[in-house]
**Student:** 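Handing you this structure, nothing more for now.
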Amino acid sequence: QLQLVESGGGLVQPGGSLRLSCAASGFTLDNYAIGWFRQAPGKEREGISCIRDNFRAYADSVKGRFTISRDNAKNTVNLQMNSLKPEDTAVYYCAGVWKASPACSISVASPGRYEYWGQGTQVTVSS
């Protein structure tokens, strides 16, 4: 079973940057579509980015500010977050599904399309 662990969250001032990592154990992430989601208090879980082979997708709310990438040597998928805003404050999750799935083929897809989930990492953007 694919196990995912997020890291890199924390407190940052508006306009600052953070880099989140999603690490896998036991499986090669290159065989999976990996998505990043976030959930703020009282809000639904939102898909913000995903990567599958050479395809990448971003939600409009983060396009131009966030960049998703894969590091095959470290078996991680990373999310570089720049120009952070207070409204980016949320718990961030990475999720995976076997890449034959339709998830991350046109858009990030809904959370229900992903099978494996990490425990989440808190990102707080505040002055």
Side-chain angles (χ1 to χ4, degrees):
Q1 181 174 347
L2 180 64
Q3 294 183 330
L4 303 172
V5 178
E6 304 93 338
S7 62
L11 173 65
V12 64
Q13 292 186 341
S17 298
L18 280 176
R19 186 170 183 263
L20 305 183
S21 287
C22 176
S25 59
F27 294 85
T28 301
L29 279 182
D30 197 33
N31 292 326
Y32 293 82
I34 300 297
W36 280 99
F37 294 79
R38 66 186 181 187
Q39 189 165 20
K43 294 189 176 181
E44 292 187 353
R45 192 165 294 191
E46 174 192 16
I48 57 174
S49 186
C50 73
I51 185 169
R52 184 175 70 108
D53 292 330
N54 292 323
F55 177 80
R56 291 159 175 78
Y58 298 93
D60 288 343
S61 58
V62 305
K63 200 172 293 183
R65 299 188 298 124
F66 291 10
T67 303
I68 193 169
S69 63
R70 183 188 293 112
D71 186 331
N72 289 332
K74 296 182 179 179
N75 203 28
T76 61
V77 170
N78 305 308
L79 187 68
Q80 178 67 41
M81 307 188 297
N82 298 329
S83 302
L84 284 161
K85 306 174 182 180
E87 51 263 44
D88 293 318
T89 295
V91 178
Y92 283 69
Y93 301 87
C94 66
V97 64
W98 185 249
K99 69 179 181 181
S101 158
C104 193
S105 56
I106 300 175
S107 64
V108 178
S110 64
R113 291 282 194 178
Y114 291 80
E115 185 172 359
Y116 306 103
W117 289 82
Q119 82 289 349
T121 185
Q122 176 70 46
V123 171
T124 302
V125 185
S126 174
S127 55

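Note that the numbering runs from 1 along the sequence shown for the chain. Treat the numbers as computed from the prediction; the structure is a model and nothing was measured.
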**Student:** Under the disulfide (SG to SG under 2.5 Å) definition, can you give me all pairs with a residue in residues 5-47, not counting sequence neighbours?
**Tutor:**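 Sorted result for residues 5-47: C22-C94.
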**Student:** Looking at every non-hydrogen atom in both residues, tell me the closest pair between L4 and Y116 and how far apart they are.
**Tutor:** CD1-O, 3.6 Å
**Student:** Provide the full list of side-chain hydrogen bond (donor to acceptor under 3.5 Å, both in side chains) pairs with a residue in residues 39-49, sequence neighbours left out, each pair given once.
**Tutor:**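 Qualifying pairs, neighbours excluded: R38-E46, Q39-R45, E46-S61.
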**Student:** Would you mind listing every disulfide (SG to SG under 2.5 Å) that reaches into residues 28-84, with sequence neighbours excluded?
**Tutor:**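 Qualifying pairs, neighbours excluded: C50-C104.
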**Student:** Quick one: closest heavy-atom pair of P14 and S127, and the distance?
**Tutor:**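 The pair with the smallest heavy-atom distance is CD-N, 3.7 Å.
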**Student:** Working to the nearest 0.5 Å, report the span between CD1 of I68 and CD1 of I34.
**Tutor:**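 With rounding to 0.5 Å, CD1 (I68) is 8.0 Å from CD1 (I34).
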**Student:** Kindly compute the distance separating CG (L84) from CG (L18), expressed to the nearest 0.5 Å.
**Tutor:** 5.5 Å
**Student:** Show which side-chain atoms of residues 118-126 pair as donor or acceptor with protein atoms under 3.5 Å away, not counting sequence neighbours.
**Tutor:**
from: Q119; atom 1: NE2; to: E6; atom 2: O; distance (Å): 3.4
from: T121; atom 1: OG1; to: G9; atom 2: N; distance (Å): 3.3
from: Q122; atom 1: NE2; to: A90; atom 2: O; distance (Å): 3.4
from: Q122; atom 1: NE2; to: T124; atom 2: OG1; distance (Å): 3.3

**Student:** Which hydrophobic side chains are connected to Y114, either touching it within the sub-4.5 Å cutoff or through other members that do?
**Tutor:** F37, V91, Y93, V97, V108, W117
**Student:** According to salt bridge (charged side-chain N to carboxylate O under 4.0 Å, His left out), does anything in residues 101-121 pair up with another residue at least two apart or in another chain? List the pairs.
**Tutor:** none
**Student:** Please list, chain by chain and in numerical order, all residues satisfying side chain to side chain contact (heavy atoms under 4.5 Å, CB included) with S25, sequence neighbours excluded.
**Tutor:**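 For S25, the residues satisfying side chain to side chain contact (heavy atoms under 4.5 Å, CB included) (neighbours in sequence not counted) are Q3.
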**Student:** Scan residues 4-35 for pairs that pass ring pair (Phe, Tyr, Trp, His ring centres under 6.0 Å), counting only residues two or more places apart or in two chains.
**Tutor:**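 Counting only pairs at least two positions apart or across chains, the ring pair (Phe, Tyr, Trp, His ring centres under 6.0 Å) contacts touching residues 4-35 are Y32-W98.
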**Student:** With rounding to the nearest 0.5 Å, note down the distance linking OG1 in T67 to CZ in R19.
**Tutor:**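 Nearest 0.5 Å value for the OG1-CZ distance: 10.5 Å.
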**Student:** Please determine which of I51, N75, N72 meets the side-chain contact (heavy atoms from CB on, under 4.5 Å) test together with D30.
**Tutor:** N72
**Student:** Mind checking side chain to side chain contact (heavy atoms under 4.5 Å, CB included) for D60 and listing every partner two or more places apart, or none if nothing turns up?
**Tutor:** K63
**Student:** I'd like to check the salt bridge (charged side-chain N to carboxylate O under 4.0 Å, His left out) partners of R65; sequence neighbours left out, ordered by chain and number.
**Tutor:** D88
**Student:** Write down the atom of A33, the atom of R52, and the distance for their closest heavy-atom approach.
**Tutor:**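 Heavy atoms of A33 and R52 come nearest at CB-CD, 3.8 Å.
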**Student:** Show me the pairs that pass ring pair (Phe, Tyr, Trp, His ring centres under 6.0 Å) and involve residues 39-78, at least two apart or across chains.
**Tutor:** none
**Student:** Could you tell me which residues satisfy side chain to side chain contact (heavy atoms under 4.5 Å, CB included) with D71, sequence neighbours excluded, listed by chain and number?
**Tutor:**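 In terms of side chain to side chain contact (heavy atoms under 4.5 Å, CB included), with neighbours along the sequence ignored, D71 is linked to A73, K74, T76, N78.
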**Student:** In Å, rounded to the nearest 0.5 Å, how long is the span from CZ of R70 to CG of D53?
**Tutor:**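 Result: 6.5 Å between the selected atoms.
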